Protein chains: 2
Amino acid sequence: MVTLNDVAERANVSKMTVSRAINHPEQVRDELRTSIMQVMQELHYQPNAAARALVSRSTRVIKLTIFEDMDTTEPYYMMLLAGISNELNRHQYALQLATSNSYQVGECDGYILTGIRQKDYAWVEQLQQPVVFFGRNQQGYDYVDTDNYQALYESTRYAISRGYEHLVFVGIDVDEPFEYDRETGFRDAVTESGVSAQLVKLANHCHVATDYVQQHWAEFPKNTAFVCASDRLGIGIEDGITLNGGKVPDDYGVIGFDGVLLNQIASKRLTTMQQPLEVMGRAAAKLLLSNIQHPHERQDQEKIIIKSRLSTAESTR
Amino acid sequence: MVTLNDVAERANVSKMTVSRAINHPEQVRDELRTSIMQVMQELHYQPNAAARALVSRSTRVIKLTIFEDMDTTEPYYMMLLAGISNELNRHQYALQLATSNSYQVGECDGYILTGIRQKDYAWVEQLQQPVVFFGRNQQGYDYVDTDNYQALYESTRYAISRGYEHLVFVGIDVDEPFEYDRETGFRDAVTESGVSAQLVKLANHCHVATDYVQQHWAEFPKNTAFVCASDRLGIGIEDGITLNGGKVPDDYGVIGFDGVLLNQIASKRLTTMQQPLEVMGRAAAKLLLSNIQHPHERQDQEKIIIKSRLSTAESTR
DNA sequence: CTGTTAGCGCCTTCAC
DNA sequence: GTGAAGGCGCTAACAG
């Protein structure tokens with residue numbers, strides 16, 4: 001292993017000069033600095049991160065902690081990872097993955113947290129380093145989230161603009177703020193334009209949505225659009241319609257929400273509100289790094305709300 | 001920050017005794033050890049990983065390097081991550097994510113590599129730490145891979161056993177060993193049983209497969225099964241069949257390969273050879289850790305080939 | 001069994 | 001501008 005010392009000897013300077021050439025180049029004579037740089041290249045010198053961390057108390061490592069079993073984790077986290085990773089790389093930080101049951105090995109300069117439940121907050125509070133959440137929270141921590149209200153408001157408006165006259169909101173059967181935001185977005189859009197509408201909440205699975213359509217088919221006149229709180233529900237709904245002989249998109253419209261997986265896979269492409277996950281990942285990383293550089297009081301909670309974009313496809317006319 | 005020293009003082013011993021209580025408990029009197037443990041608890045002592053790494057030259061960090069743009073990365077890597085992460089956690093190692101353009105920050109004890117191209121091998125060779133590949137390689141590095149031959153052999157046999165009398169292999173249009181293995185698996189199964197068969201290679205997209213069926217529909221008599229080299233192709237094929245009025249699974253069978261995403265999403269479930277990605281991730285981690293503990297020569301290349309399992313669903317009878 | 005000494009590689013502080 | 005000394009937190013090696 002090549003150390004600072006090795007470089008110093010070869011360059012005929014003290015190791016301090018080498019250290020300075022790296023960390024405070026302006027304090028070293030140009031001539032010396034370039035010759036030191038050259039020696040570092042020749043020797044393939046790589047600073048020892050552990051030694052740096054030990055003395056500087058900064059690790060240049062960010063931990064992403066996912067409070068869910070990785071096994072059941074949505075694959076779309078991959079896009080999030082990409083965003084976080086891209087941004088961290090730009091600033092020469094490393095990304096370390098952890099789960100709630102991870103053995104905590106090694107320090108870090110900050111955390112990005114996602115999938116937190118109520119019982120996990122005790123752990124969060126005890127953290128010494130800055131924290132950014134992925135997803136809304138009411139505990140005053142900075143967070144990045146998607147604009148659930150806007151997403152459903154806009155997709156509903158879109159359905160109406162395409163001439164569908166009866167709207168059904170297919171929500172997810174959970175008691176979470178994000179779900180209420182989506183519901184409210186739908187309600188507001190519907191109220192404004194005065195079309196007829198109904199709401200239902202289902203478990204977030206394709207087949208549940210399909211069964212729902214099967215059982216309630218009589219309730220849906222032609223010219224109905226289903227505005228769904230997830231793409232899984234959207235796909236299930238579309239299937240149910242087809243099974244009943246309904247025509248998509250001519251007589252029935254379907255709009256999903258999330259838009260991560262399906263574009264690559266599903267054969268019939270679903271119109272969907274697409275969360276820009278890569279952007280959201282980058283935003284979370286950026287926010288965290290800024291908190292690390294400028295430690296601020298917990299008073300002013302920073303909320304970064306990112307809008308989804310409608311991606312139109314074959315399930316709406 | 002609580003250090004060894006703090007614990008030592010509070011427990012009225014030297015810091016070495018505390019260090020030993022942690023790393024070599026058997027060398028410390030039971031009584032002393034328990035009292036030290038208690039003090040550590042009280043003080044919430046956490047060993048400083050940087051200091052440990054510095055002195056022991058072991059970081060307990062494993063890097064997963066994905067040689068693809070994260071942006072385009074298959075979401076199924078998430079399952080791989082889960083497997084790797086689970087296994088590493090069991091052994092108290094941390095997982096660090098890197099991409100080819102990552103700034104190399106910090107050391108690690110070993111690498112798991114995936115998505116490598118020819119031009120990346122120079123980088124790999126210069127690594128000091130043990131390496132395990134995800135996916136076959138001919139450079140002599142240990143690797144974990146799925147058994148492509150077996151997967152297609154078995155799915156083909158299955159199709160035949162279900163009474164389909166004409167078989168079509170829908171391969172991926174790439175010049176890679178894994179593709180030839182799949183093709184050979186198909187050929188062998190077909191030859192053994194003497195059914196009629198044909199092969200085609202397509203770009204790995206749903207719609208390409210659908211178009212293919214559309215254009216060649218006349219070639220496919222009833223009782224044809226399509227054995228596909230990916231689930232995307234499988235879905236596209238199934239769609240094509242349906243569009244031509246073919247009945248799946250009664251008159252036409254479709255079998256995919258991969259089986260990661262779709263079970264959660266697609267409404268019509270595809271019969272598919274499912275790669276146990278979580279298991280493969282764990283295997284890669286296990287192999288790497290074993291290489292770290294017992295450094296061996298590069299002579300005997302360890303190959304871990306993991307079999308896929310058929311997951312039968314609605315696209316075959 | 002337990003304590004003392006020394007040093008891992010780097011950076012801060014203080015001399016020159 | 002540059003160098004020397006000291007110490008970050010921990011552990012291996014040697015004393016006792």
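Note that the structure is a prediction, hence the values are computed from the model and not measured. Residue numbering restarts at 1 for every chain, and letters A, B, ... go by the order of the sequence lines.
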**OP:** Could you label the plane-to-plane angle of the B/Phe133 and B/Tyr141 rings as parallel, tilted or perpendicular, counting under 30° as parallel and over 60° as perpendicular?
**Re:** parallel
Original post:
Could A/Glu9 and A/Lys15 be called an ion pair, given the rule that one side-chain N must be under 4.0 Å from one carboxylate O?
Top reply: no
Original post:
Base, sugar-phosphate, or nothing for A/Arg57, non-hydrogen atoms under 4.0 angstrom?
Top reply: sugar-phosphate
**OP:** Compare side-chain N and O positions of A/Arg20 against OP1 and OP2 of D/dG1 and report whether any pair is under 4.0 Å apart.
**Re:** no
Original post:
If only side-chain N and O atoms of B/Asn5 are considered, is one of them under 4.0 Å from the OP1 or OP2 phosphate oxygen of D/dG9?
Top reply: no
Original post:
In whole angstrom, what separates B/Leu43's CG from D/dG9's P?
Top reply: 14 Å
Original post:
For A/Thr17, which contact category applies under a 4.0 Å heavy-atom criterion: base, sugar-phosphate, or nothing?
Top reply: sugar-phosphate
Original post:
What's the CD-C1' distance between A/Glu26 and D/dT2, to the nearest Å?
Top reply: 14 Å
**OP:** Would you indicate, yes or no, if D/dC10 has its OP1 or OP2 atom less than 4.0 angstrom from a side-chain nitrogen or oxygen of B/Tyr45?
**Re:** yes
Subject >> Toward the 5' end of DNA chain C, by each residue's nearest nucleotide, B/Val55 or B/Val28 >> reply: B/Val28
**OP:** Can you tell me the distance, in whole Å, between the CE atom of A/Met16 and the P atom of C/dC11?
**Re:** 8 Å
Subject >> Cation over ring face, B/Arg60 and B/Tyr93, 6.0 Å, 45° >> reply: yes
**OP:** Specify the separation, in whole Å, of atom CG of A/Leu32 and atom C1' of D/dT2.
**Re:** 9 Å
Original post:
Contact class for A/Leu4 (heavy atom, under 4.0 Å): base, sugar-phosphate, or nothing?
Top reply: sugar-phosphate
**OP:** Look at the side-chain N and O atoms of A/His24 and state whether any lies under 4.0 Å from the OP1 or OP2 oxygen of D/dG1.
**Re:** no
Original post:
From D/dA4, D/dT2, C/dG9, pick the nucleotide closest to the side chain of A/Met1?
Top reply: C/dG9
Subject >> Atom-to-atom span, CG of A/Asn48 to P of D/dC10 - whole angstrom >> reply: 16 Å
**OP:** Decide yes or no for A/Leu80 and A/Leu277: does some side-chain heavy atom of the first lie under 4.5 Å from some side-chain heavy atom of the second?
**Re:** yes
Original post:
For A/Arg29 and B/Ile22, take the nucleotide of DNA chain D holding the closest heavy atom to each; which residue's nucleotide lies nearer the 5' end?
Top reply: A/Arg29
Subject >> Phosphate OP1/OP2 of D/dC10 contacted by B/Ser19 side-chain N/O (<4.0 Å) >> reply: no
Subject >> Interatomic distance where CG belongs to A/Leu54 and P belongs to C/dG9 [whole Å] >> reply: 12 Å
Subject >> Nucleotide of D/dC10, C/dG3, D/dC8 approaching B/Ser14 most closely (side-chain heavy atoms) >> reply: C/dG3
Original post:
In whole angstroms, how far is the C1' atom of D/dA12 from the NZ atom of B/Lys15?
Top reply: 13 Å
**OP:** Quickly work out the B/Gln27 CD to D/dC14 C1' distance and round it to whole Å.
**Re:** 13 Å
Subject >> Between B/Glu278 and B/Asn86: side-chain donor-acceptor atoms closer than 3.5 Å >> reply: yes
